[in-house]
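What follows is a short report on a single structure.
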Amino acid sequence: MTSPASAASQSPLLVFSAGGLPFAVEAAAIAQVAGGDWQPAANARLTQSIDLAALLGLPQGERKRTLVLPTPQGPCGFQVDSISRQEVSLKTWLPVPSLLADWAKPLVVIGFVLENEQVISVLNLADLMAHWADKTGRNHS
Amino acid sequence: METRQPQASPPTDAASVSLFLFRDGQEAYALGSAAVVEVITGSTVTPVPFTPDWMEGVISVRGKVLPVLDLFRYFQLPGDAPTQRSRLLLLAVEGNLFALWSDKILGVEDIAEAKFEVPMDTLTPLLRECMLAQLRHDDGLIFYLDLPKLLEKTRQQVLKK
């Protein structure tokens, strides 16, 4: 998992919404931003893109865009509602409190950024994909 | 924003303890006043993925992110969830900063230890385990919380799942 310190050195972030909540990911971790109907190639081991809001237990959103994550098994898509590209300065990165790290299982948040006093969770999509694979019984090893 | 200065030493004498008293819904609680760093209003709580339902989310306070614990949900108390919550108590416990909701601050009082009672058997088991004592007060029965024990129990619960 990327530590907040190393993540902070890898701005910019992609800020997006899923299920009505704002989130962010490191832009460097994303291979492509595609439309909401993006699907992996037919011969890929992953046969569907992932509804991020559903995976996070949030209300279903518009799913107009897909964040495509490169993986050893081929690209994996996370459907989200909308995306805005945003530069985030190092000083705005806030680490995950140790107490929160104890309470969140799995911990898929690698830090936080602030936007207009709103706290935005920065997600590690690779960890989220691993969680999805565990949850759905798909083997990504 | 209401700011309180933390007190270095809760007991004011050998037989009494300085307690911060507050209400959250139908329940009233007491905390060692040294743990209460500040009381704030107007924060937006942002949910965090894959946390228990009693972890309401996080807030930002002067460049720090703090988790918010919902006592009503954590203790699985009967009745309706509190609806008038307006203040967040910022607490420092064993190096951890976190927040609890309150809808009314009852004040800080020196309570004689002789007034401490063993928690009633009828309380939920988890609440009893996280209490140091119960107190009878003008504001009704007050649950005096053992905050380090509370945090320990939250961690144990998450690990069990």
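The sequence lines fix the lettering, A, B, ..., with proteins before strands; numbering per chain opens at 1.
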Side chain / backbone / both / neither for [X] at chain B, heavy atoms under 4.5 Å:
X: A:Leu128; answer: side chain
X: A:Ile120; answer: neither
X: A:Leu114; answer: side chain

Worksheet entry | Distance in Å, A:Asp102 CG paired with B:Leu159 CG, rounded so as to fall on 0.5 Å steps | 7.5 Å
Worksheet item: Any side-chain heavy-atom pair from A:Trp103 and B:Leu151 closer than 4.5 angstrom?
Response: yes
Worksheet item: Are side-chain heavy atoms of A:Val109 and B:Pro49 found at a separation under 4.5 Å?
Response: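 A:Val109 reaches B:Pro49 side chain to side chain.
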Tell me, yes or no, whether the heavy-atom count around [X] atom [atom1], taken from other residues, nucleotides or ligands under 6.0 Å, exceeds 12.
X: B:Asp53; atom1: CG; answer: yes
X: B:Glu152; atom1: CD; answer: yes
X: A:Lys64; atom1: NZ; answer: no
X: B:Gln26; atom1: CD; answer: no
X: B:Lys64; atom1: NZ; answer: no

Discussion item. Can you tell me which of B:Val65, B:Ile59, B:Thr51 forms the most heavy-atom pairs within a distance under 4.5 Å of chain A?
Written reply: B:Val65
Item to complete: Mind ranking A:Ala104, A:Ser98, A:Pro22 by heavy-atom pairs under 4.5 Å with chain B and telling me who comes out on top?
Response: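 When all of A:Ala104, A:Ser98, A:Pro22 are compared, A:Ala104 has the most.
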Worksheet entry | Least distance between heavy atoms, B:Gly63 atom then A:Leu94 atom | O-CD2, 2.9 Å
Worksheet item: Closest approach of B:Pro47 and A:Ser121, non-hydrogen atoms and distance?
Response: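 Of all heavy-atom pairs spanning B:Pro47 and A:Ser121, the closest is O-OG, 4.2 Å.
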Item to complete: Go through the steps for A:Val119 and B:Val48 under the test side chain to side chain contact (heavy atoms under 4.5 Å, CB included), then give the verdict.
Response: CA-CA 10 Å; A:Val119 181; B:Val48 176; over 6 Å; no
